[in-house]
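Structure record follows, encoded as structure tokens.
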Amino acid sequence: MAKPSSDQFSRRAFLKGSSAVAAASAVVTSAAAQEKSAQSSQVIAGETTVSLNVNGKSMTAKVEPRTTLLDVLRYQFNLTGAKPVSSDGSSGASTVLIDNRPVEAAVTLALSAVGKNIQTVESLAGDAVPKAFMQYDASQCGFCTPGFVVAVRAFLNRNPNATEEQIRAGLNGNICRCGTYANILQAAISIAKGGQNG
Ligand code: FES
């Protein structure tokens with residue numbers, strides 16, 4: 001049997017060496033990936049305790065990264081005004097204010113609200129908006145009402161002298177299955193005209 005040339009030797013040695021390096025790299029990469037994956041899954045699966053500022057109070061909640069603000073408000077803080085009508089937030093029934101901006105709590109992660117001012121419909125108990133809703137009979141089943149109340153308050157805070165047309169456009173993110181739009185609109189218009197904002 002012919003003795004391998006030094007060239008064959010060196011190529012074979014190189015290939016073997018390369019394989020070993022590649023294998024070692026793969027092991028290292030795999031180990032690093034597994035470690036990274038393990039860290040990620042710890043973060044994804046982990047529960048953590050956070051403080052949320054809700055209606056002027058600091059409240060403690062246990063949340064996972066996937067926990068929605070709506071779930072925390074309803075099931076940990078017992079603030080059940082915001083409603084779980086649509087999981088994609090398209091109904092507007094879960095509207096709350098975060099730093100004075102209306103957002104859908106159903107599609108807002110609780111962790112993203114840490115350090116911000118969260119305001120729910122419960123904080124508007126003495127506000128002109130729910131009073132106007134009562135005055136104008138702007139509620140039937142009531143499921144959409146808390147979201148509308150918060151949305152009207154948010155809109156009028158920014159547009160205190162809004163016209164009917166502007167109010168209609170400003171509230172188009174909220175849906176009322178019972179069809180009380182005309183009364184809701186009248187309630188909002190009465191506030192804009194009467195200067196009862198704030
Ligand atoms: S009052 Fe029933 S959905 Fe609006």
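Atoms within a ligand are numbered from 1 in the order they appear, just like the ligands themselves. By convention here, the first residue in the shown sequence is residue 1.
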Contacts of Thr108 meeting side-chain hydrogen bond (donor to acceptor under 3.5 Å, both in side chains) (sequence neighbours excluded), chain-then-number -> none

Do the side chains of Thr180 and Asp137 get nearer than 4.5 Å, heavy atoms only?
-> no

side-chain hydrogen bond (donor to acceptor under 3.5 Å, both in side chains) partners for Asn172, two or more places apart = none

Keeping waters out of it, list the protein N, O or S atoms under 2.8 Å from atom 4 (Fe) of ligand 1.
-> Cys144 SG, Cys176 SG

Pairs flagged by salt bridge (Lys or Arg N to Asp or Glu O under 4.0 Å) wherever residues 70-98 is involved - sequence neighbours left out = none

Please state whether the rings of Phe133 and Phe148 are parallel, tilted or perpendicular, taking 30° and 60° as the class boundaries.
-> tilted

With Thr95 as partner, the option from Asn174, Val149, Val103 fulfilling side-chain contact (heavy atoms from CB on, under 4.5 Å) is Asn174

